[in-house]
Protein chains: 2
Amino acid sequence: MRKETATPSFLPLYEQIKQLILRALSDGEWQPGAAIPSEMELARRYQVSQGTVRKALDELVMDNILVRRQGKGTFVATHADDGTAYRFLRLMSLSGEQEYPHSEFIVFSRGKADAQVASRLGVSPGSALAILRRVLTFSGAPVVYDDIRLPAALLKGVSIAMIEDHVNAHKGTLYSLYEAQYQIRIIAAHERIRATLADAVVAPLLGVAVGAPLLAIERVAFTYKNQPVEWRMSYVNTARHYHFDELN
Amino acid sequence: MRKETATPSFLPLYEQIKQLILRALSDGEWQPGAAIPSEMELARRYQVSQGTVRKALDELVMDNILVRRQGKGTFVATHADDGTAYRFLRLMSLSGEQEYPHSEFIVFSRGKADAQVASRLGVSPGSALAILRRVLTFSGAPVVYDDIRLPAALLKGVSIAMIEDHVNAHKGTLYSLYEAQYQIRIIAAHERIRATLADAVVAPLLGVAVGAPLLAIERVAFTYKNQPVEWRMSYVNTARHYHFDELN
DNA sequence: AAGTGGTCTAGACCACGTA
DNA sequence: ACGTGGTCTAGACCACTTG
């Protein structure tokens, strides 16, 4: 006799706990860098055993949403940490050394979403965007040109001076700025990589000839619940650097 | 239940179990696609609880070295499975569809390792290599040119006819060939991606003009214990495809 | 019905960081 | 000394696959 199940969805307890914790994070109950309650406290709060909480936390740690520190507690991941500040930067020098870039901001303006960006960000074509353009330099040499766009509503009252101050004076990343000033927490991103030729706009910014080969990397960055919040196009001069990728 | 181990190890038990299982895999005790003993059997074999075995298996599953199938058992991952055959292929058409390529083999020969390849593969410069060159076509159009090199000792008695038969007639990948015929199991890879211009050798093979932009992807593929066994350089025409990458 | 992986619990003890 | 995460155990029960 076959059993008929109208509701085939069986969600494990730890998965439900994970969703509850994600919602608490999304609701801002715990701020980036702060400790969340201990495993025992969460177990009492959600009326499950500590092992079940632990399994939920395991997955959130695996997703780089939380960070465990033995003896201290479990913390909300932050882009302000020195260790994780550049975790989305996959660029290395040919010698294999990881270098950290300096940002030169060129433009901060407003614009409207074209069809492609609108589709990627899940907003209507023509809706207002904040547009940020910059050059990343490594050891003084320009290597990356970024064209970065976000829904304008997310970045209210921002100025290029504020951005430069945060990123350069305080040695932060754009993502740590989003996090600290705009309650936007980037937790994942997708990248589409193609090869292209430097055009008359990008070539002088990167100090290469028109027609030089560049990586064109289109990135969409996500916050909780896989909601896209930032789109960017990066043009990378790989004469002295490479994009690194691990497969398994 | 558990006896004290004679070796004073700082490693957690589950980590030791993981290493023992990895060694058994490396020694060929269990073949790709075959089931390994059940969790209870492994617990008896290693004199630990089932939960500890489970945690070891969890990590091996996360590394794509084992695959769990509820109700059936735990299996050694294989490149022969339809589902996982192309798991290292990060190429998609611009429309977002995942396509599977056809291989056109051009050359199978022998050569000597230059300094770069020797360094990547951990062999002496000048040592014997098997060299394989091919073009991958998607929907009939050439998209990727591969220059693939392995230590010659690993690929004894191979012929281009055998390779073509395996890859095209049996719809396998190169990695499933390594696995089935040469006991080489690829479990991970690193890629370094740069932009380059098509030269006179590659351009006609990919049907592009000399000077067209291409991705140059240098890959090193690893077997158990992070031992490098294959080096390849891929040149990718991204006019109609992109390389996909996930960050978190 | 039997066997496998998947979930959940309760409790013990270890390792680490702080006071 | 205490609280935190980290490991390990033993046992119960659930979900899935196969005979």
Side-chain angles (χ1 to χ4, degrees), chain A residues 1-21 30 33-78 81 83-84, chain B residues 1-21 30 33-77 81 83:
Chain A
M1 186 73 148
R2 187 156 297 224
K3 197 192 298 183
E4 300 282 340
T5 45
T7 53
S9 64
F10 156 75
L11 258 194
L13 254 185
Y14 70 83
E15 188 61 38
Q16 301 179 40
I17 305 302
K18 183 182 172 185
Q19 298 307 324
L20 290 170
I21 294 173
W30 307 306
I36 69 170
S38 73
E39 295 179 354
M40 286 306 296
E41 279 181 71
L42 290 170
R44 281 191 292 273
R45 168 165 169 174
Y46 298 121
Q47 293 292 298
V48 298
S49 75
Q50 185 242 12
T52 298
V53 168
R54 186 168 186 79
K55 176 138 187 173
L57 296 185
D58 277 342
E59 300 204 349
L60 293 166
V61 167
M62 212 169 53
D63 294 342
N64 289 307
I65 290 171
L66 298 176
V67 175
R68 284 211 182 87
R69 292 184 200 140
Q70 184 172 160
K72 300 185 70 174
T74 303
F75 299 78
V76 183
T78 170
D81 268 355
T84 53
Chain B
M1 174 167 184
R2 153 179 184 257
K3 296 273 189 175
E4 268 312 306
T5 53
T7 54
S9 182
F10 298 164
L11 277 182
L13 255 186
Y14 71 82
E15 188 60 38
Q16 300 178 40
I17 305 301
K18 182 181 172 185
Q19 297 307 323
L20 289 170
I21 293 172
W30 306 305
I36 69 171
S38 74
E39 295 179 352
M40 284 308 295
E41 279 179 72
L42 290 169
R44 282 190 291 273
R45 167 166 168 172
Y46 296 122
Q47 293 292 294
V48 297
S49 74
Q50 186 242 12
T52 299
V53 167
R54 187 169 184 80
K55 177 138 184 172
L57 296 186
D58 277 342
E59 299 205 348
L60 293 166
V61 167
M62 213 170 53
D63 294 342
N64 288 307
I65 289 171
L66 297 177
V67 175
R68 284 210 182 88
R69 292 185 202 139
Q70 185 172 158
K72 300 184 70 174
T74 303
F75 298 77
V76 182
D81 268 356

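Below, all heavy atoms of this structure are taken into account, side chains as well, without hydrogens, waters or symmetry copies. Every chain is numbered from 1 and lettered A, B, ... according to where its sequence line falls, protein lines coming before strand lines.
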Considering all heavy atoms of both residues, which atom of [X] and which atom of [Y] are nearest to each other, and what is their separation?
X: B:Leu57; Y: B:Glu39; answer: CD1-CG, 3.7 Å
X: B:Ala56; Y: B:Tyr14; answer: CB-O, 3.4 Å
X: B:Asn64; Y: B:Ala77; answer: O-CB, 3.4 Å
X: A:Val67; Y: A:Val61; answer: N-CG2, 4.5 Å

Write down the distance between [atom1] ([X]) and [atom2] ([N]), rounded to a whole number of angstrom.
X: B:Leu57; N: D:dT7; atom1: CG; atom2: P; result: 16 Å
X: B:Leu42; N: C:dG5; atom1: CG; atom2: C1'; result: 12 Å
X: A:Glu15; N: D:dC14; atom1: CD; atom2: C1'; result: 17 Å
X: B:Asp58; N: C:dT4; atom1: CG; atom2: P; result: 18 Å
X: A:Gln70; N: C:dT18; atom1: CD; atom2: P; result: 12 Å
X: B:Phe75; N: D:dT18; atom1: CZ; atom2: C1'; result: 12 Å
X: B:Gln47; N: D:dA10; atom1: CD; atom2: P; result: 10 Å
X: A:Gln50; N: D:dG5; atom1: CD; atom2: P; result: 8 Å

In terms of side-chain heavy atoms of [X], which of [options] is nearest?
X: B:Arg54; options: C:dC8, C:dT7, C:dT4; result: C:dT7
X: B:Ser38; options: D:dG5, C:dC8, C:dT4; result: C:dT4
X: A:Leu13; options: C:dT9, D:dG5, D:dC8; result: C:dT9
X: B:Arg68; options: C:dG5, C:dC8, C:dA15; result: C:dG5
X: A:Val48; options: C:dT9, D:dG6, D:dT9; result: C:dT9
X: A:Pro12; options: C:dC8, D:dC8, C:dC16; result: C:dC8

Would you please confirm or rule out a distance under 4.0 Å between OP1 or OP2 of [N] and any side-chain N or O of [X]?
X: A:Thr74; N: D:dG5; result: yes
X: A:Tyr14; N: C:dT7; result: yes
X: B:Thr52; N: D:dT9; result: yes
X: A:Lys72; N: C:dT18; result: yes

Inset, instruction - Just call it for B:Glu39: base, sugar-phosphate, or nothing, with non-hydrogen atoms closer than 4.0 Å on any strand. - result: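 Contact class for B:Glu39: sugar-phosphate only.
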
Legend entry - Note: B:Lys18-B:Asp58 ion pair, threshold 4.0 Å (strictly below):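 Salt bridge flag = no for B:Asp58 with B:Lys18.
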
